Amino acid sequence: FLGPKSRGSCPWERKRMKQSKALIQTLREVPRDADVISQQLMIRAGMIQKLAAGIYDYLPLAYRSIKKFEAIVREELERDGCQELLMPAVQPAELWQESTRWSFYGKELLRFQDRKGADFCLGPTHEEIITDIVRRNIKSYKQLPINLFQIQGKFRDEIRPRFGLMRGREFIMKDGYSFHVDDACADREYWKMFEAYKRIFGRLGVKFRPVEADSGAIGGSFTHEFHVLAGSGEDAILSCDSCEYTSNIEKTEAPKLPYPHGDETELPLRAAHFQTPGIIAMEEQAKAFKDESHNGLPLTHASKFYLYRATKGGETWDLGLILRSDHEPNEVKLRNLLGADALELVPLEEAEALAGCKSGFIGPVELKVPIYGDRSLEGAFNLTCGANKTDFHHFGFLPSRDLSDFKGFFDLRKAAEGDLCPRCGKGHFQAFRGIEVGQVFKLGTKYSLSMGCNYLDQEGKEHPMIMGCYGIGITRTVAAVIEQNYDDDGIVWPWPVAPYQVHLLNLDPGNVEVMELSNRLEKELEEAGFEVLHDDREGMSPGVKFKDADLLGFPLRLTVGARGLKEGTVELRDRRTKETLKVAPATVLERVAAAKERIMTALCQAGGR
Ligand code: ATP
Ligand code: MG
């Protein structure tokens with residue numbers, strides 16, 4: 001599982017430490033502005049400290065976990081032939097202008113000028129820099145493929161930094177980039193990295209899923225995100241309960257649903273047919289409708305309408321989207337269909353002015369904008385829709401007949417839990433929340449074309465290189481591990497990224513015998529390859545030491561005290577199972593080794609699916 005030559009931790013790391021000298025300031029209180037569990041626990045355990053919004057100090061305990069995770073990432077990538085380098089965090093604007101991203105990347109890109117007035121930015125990602133490195137150093141097909149990565153601090157001026165390390169402005173990322181002569185080679189590397197990511201997250205023992213994700217304007221189906229499953233996750237994931245199809249809801253293909261009222265008689269559009277005074281909620285509207293054959297309508301009879309504004313390059317235009325009233329719009333799908341750079345709802349006041357009525361009554365029929373329909377409305381008729389007249393709705397709406405600029409039906413809604421899986425046609429979607437900890441992406445020639453990153457083939461002909469890129473949120477992953485591994489008392493670290501593995505509690509540091517034994521065990525454990533934090537602090541009650549140990553959550557706790565010593569025992573406790581053993585000091589090493597075995601076996605079983 002860990003591979004034959006796995007180092008398991010950082011060889012350069014200090015293996016033992018006295019807590020009286022360690023920078024670990026624990027807090028009893030839950031910090032007021034901490035919203036998610038990892039943030040609360042990391043602050044309370046003295047691991048991180050906020051410096052400014054989305055900017056944290058990684059204190060020694062946190063940095064140990066970070067370095068351990070980095071070591072796992074390095075080990076798995078180097079196993080696959082990737083080479084590590086380090087690029088500057090400060091990037092000149094010229095490269096971003098070459099790739100054209102200088103004008104497209106929004107305010108997340110922190111731009112500044114040096115003393116001579118030259119434009120720079122702090123790197124949010126490094127496609128431009130790596131492409132420049134490769135075009136300057138690689139000329140021939142003989143030097144390809146190549147896969148280069150770095151582990152580095154990134155800066156993104158996120159609009160809403162939150163959740164501690166999960167969405168910071170400054171954070172540590174592993175970003176890797178590969179260069180190839182053709183698509184087949186790039187695809188092979190993509191799947192190789194996909195497998196490497198499975199090994200990397202598998203080694204943490206967390207439950208995670210690779211999910212198909214939106215590849216944005218670049219197009220193609222070649223991107224997967226890796227998500228750690230957690231209720232606090234910002235992303236919604238749908239997973240088929242019968243086949244392998246798992247995807248980010250932004251991308252999930254929604255099944256086309258048949259129109260459930262196909263046996264009715266098709267009516268003409270009855271303009272502003274029914275009064276819906278002040279009624280905006282869809283359910284109320286449907287209920288309010290009455291005519292000779294209907295007394296109230298099911299929601300599936302009602303359509304709803306969204307007015308959007310799209311931009312692409314310098315161009316801006318408005319358009320409409322119609323959906324069945326019980327469906328949600330998927331703006332990512334719509335933006336991709338339009339090939340737009342950005343898409344937003346038309347501001348309410350403008351929409352009301354355009355339609356000449358109050359919001360809630362705005363509808364597609366009279367508006368002079370192109371209209372797109374979700375494909376679950378294909379074949380639907382006798383629909384209701386806003387009549388662009390305050391307090392009125394139409395009935396008898398048939399999109400293909402009643403709209404002057406109708407663009408057709410497409411998959412434009414959000415798939416939902418319980419929907420039939422369109423891939424296998426058998427299973428149904430289950431919903432999960434996920435934390436995006438990594439992403440693999442086939443870039444194609446987006447950067448190599450704009451930046452002239454070419455190679456010469458056997459005949460000396462020039463071609464653009466095919467690129468892939470591969471990211472892992474290092475600091476976000478460490479936080480995500482905690483989101484899945486905690487209890488009421490604190491963190492429950494999985495062995496591979498625990499800051500220390502054994503917390504040695506010396507309950508009577510004033511007692512010479514206890515101190516001698518504790519020091520001896522500390523040293524012996526270190527020599528046996530374990531990492532030990534020795535709580536040798538004086539003037540602290542056992543209760544406080546136990547509480548701190550639970551909060552810090554190292555996998556094993558070894559308690560040495562005067563009382564136990566009289567019986568000739570020390571106490572070994574598993575943080576996760578809370579199983580406690582009294583053991584003779586002479587057998588501590590073998591007991592700790594056995595406990596590690598047990599813990600690692602359980603971790604292998606817990607990881608992955
Ligand atoms: P998100 O959708 O969460 O904003 P992203 O898709 O923009 O992330 P990528 O460009 O794919 O992020 O970056 C690679 C990895 O870096 C992500 O998978 C994520 O784990 C991590 N990451 C991105 N933004 C942040 C952030 N603000 N704080 C911490 N980690 C981040
Ligand atoms: Mg991403």
Side-chain angles (χ1 to χ4, degrees), residues 35-36 38-39 42 48 50-56 58 62 66 69-70 73 77 89 101 104-110 122-130 149-177 190 193-194 196-197 200-201 204 206 208-218 222-230 232-237 247-251 331-332 335 433-443 446-447 467-483:
D35 301 316
V36 296
S38 58
Q39 182 185 16
M42 291 184 94
I48 59 170
K50 186 157 139 187
L51 182 63
I55 303 179
Y56 284 84
Y58 311 125
I66 289 169
F69 182 50
E70 289 179 353
V73 170
L77 294 181
R101 279 210 292 186
F104 285 112
Y105 218 100
K107 289 196 167 165
E108 273 183 28
L109 187 65
L110 187 68
L122 273 186
T125 173
H126 278 66
E127 280 82 5
E128 281 79 0
I129 315 301
I130 197 81
F149 76 97
Q150 65 172 347
I151 296 180
Q152 188 207 35
K154 293 279 188 275
F155 194 91
R156 293 183 183 180
D157 202 354
E158 297 270 357
I159 185 163
R160 238 178 302 131
R162 56 190 177 152
F163 301 160
L165 299 194
M166 296 248 256
R167 183 165 297 283
R169 292 198 293 166
E170 183 171 329
F171 56 96
I172 301 175
M173 195 203 285
K174 183 288 289 186
D175 46 327
Y177 308 86
Y190 179 94
M193 289 297 106
F194 184 91
Y197 276 33
I200 287 168
F201 296 115
L204 301 177
V206 289
F208 71 95
R209 295 278 168 89
V211 311
E212 291 183 23
D214 172 58
S215 51
I218 301 168
F222 265 97
T223 182
H224 284 83
E225 292 167 350
F226 284 74
H227 284 262
V228 166
L229 303 182
S232 57
E234 291 185 284
D235 287 275
I237 295 164
S247 56
N248 192 312
I249 199 164
E250 289 184 341
K251 153 107 179 174
E331 294 175 4
V332 173
R335 195 189 40 174
R433 308 248 11 131
I435 301 167
E436 183 198 322
V437 287
Q439 183 162 23
V440 291
F441 211 112
K442 185 172 166 202
L443 281 173
K446 180 177 156 74
Y447 296 91
M467 285 174 64
C469 71
Y470 319 94
I472 290 181
I474 300 285
T475 39
R476 185 185 280 183
T477 303
V478 170
V481 165
I482 298 176
E483 292 290 326

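Predicted model only: the values in this text are computed from it and were never measured. In each ligand, atom 1 is the first atom listed, and ligand 1 is the first ligand listed.
Nearest heavy atom pair, residue Lys251 against residue Asp214, reads CB-N, 3.8 Å. Of all heavy-atom pairs spanning Ala213 and Asn248, the tightest one is CA-CB, 4.4 Å. Residues Phe69 and Gly473 come closest through the heavy atom pair CE2-O, 4.5 Å.
At a 4.0 Å cut-off, at least one heavy atom of Val437 sits close enough to ligand 1 to count as contact. In this structure, Thr477 has no heavy atom closer than 4.0 Å to ligand 1. Not a single heavy atom of Lys154 lies less than 4.0 angstrom from ligand 1.
No side-chain heavy atom of Ser215 sits under 4.5 Å from any side-chain heavy atom of Phe222.
Atom NE2 of His126 and atom CZ of Phe149 lie 14.5 Å apart (nearest 0.5 Å). Expressed to the nearest 0.5 Å, how far CG of Asp175 lies from CD of Gln152 amounts to 6.5 Å.
Tyr56 contributes no side-chain N or O that, together with a main-chain N or O of Glu170, makes up a donor-acceptor pair within less than 3.5 Å.
The N/O atoms of Gly168, backbone and side chain alike, include one that comes under 3.5 Å of an N/O atom in ligand 1.
Of the candidates Arg160, Glu225, Arg156, Arg156 brings a heavy atom nearest to atom 9 (P) of ligand 1.
Between Arg433 and Glu483 there is no salt bridge, since no side-chain nitrogen of the basic residue lies less than 4.0 Å from a carboxylate oxygen of the acidic one. A salt bridge is absent between Lys446 and Glu127: the closest approach of a Lys/Arg side-chain nitrogen to an acidic carboxylate oxygen does not fall below 4.0 angstrom.
If you look at Glu158 next to ligand 1, the close heavy atoms, those under 4.0 Å, all belong to the side chain. Of the heavy atoms in Arg167, both backbone and side-chain atoms come closer than 4.0 Å to ligand 1.
Around the Mg ion (ligand 2), protein N, O or S atoms at less than 2.8 Å number 2.
Near Gly438, meaning under 4.0 Å from one of its heavy atoms, ligand 1 places the atoms 18 (O). Residue Leu165 approaches ligand 1 through these ligand atoms, each under 4.0 Å from one of its heavy atoms: 29 (C).
Residue, atom and distance of the protein heavy atom nearest to atom 22 (N) of ligand 1 are Phe171 CE1, 3.6 Å. With hydrogens left out, the protein atom closest to atom 11 (O) of ligand 1 is Gln439 OE1, 3.0 Å, a heavy atom. The nearest heavy-atom contact from the protein to atom 18 (O) of ligand 1 is Glu436 OE2, 2.6 Å. The nearest protein atom to atom 14 (C) of ligand 1, hydrogens excluded, is given as Met173 CE, 3.8 Å; this is a heavy-atom distance. Protein heavy atom nearest atom 15 (C) of ligand 1, with residue, atom name and distance: Gly473 N, 3.8 Å.
Ring geometry for Tyr190 versus His224: interplanar angle of 30 to 60°, hence tilted. Between Tyr197 and Phe201, the angle of the ring planes goes over 60°, which puts this pair in the perpendicular group of the 30/60° scheme.
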Please walk me through it: do Phe155 and Ile55 pass side chain to side chain contact (heavy atoms under 4.5 Å, CB included)?
CA-CA 9 Å; Phe155 194 91; Ile55 303 179; 4.0 Å; yes

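Screening Met166, Glu225, His227 for a side chain to side chain contact (heavy atoms under 4.5 Å, CB included) involving Ile435 leaves a single residue, Met166.
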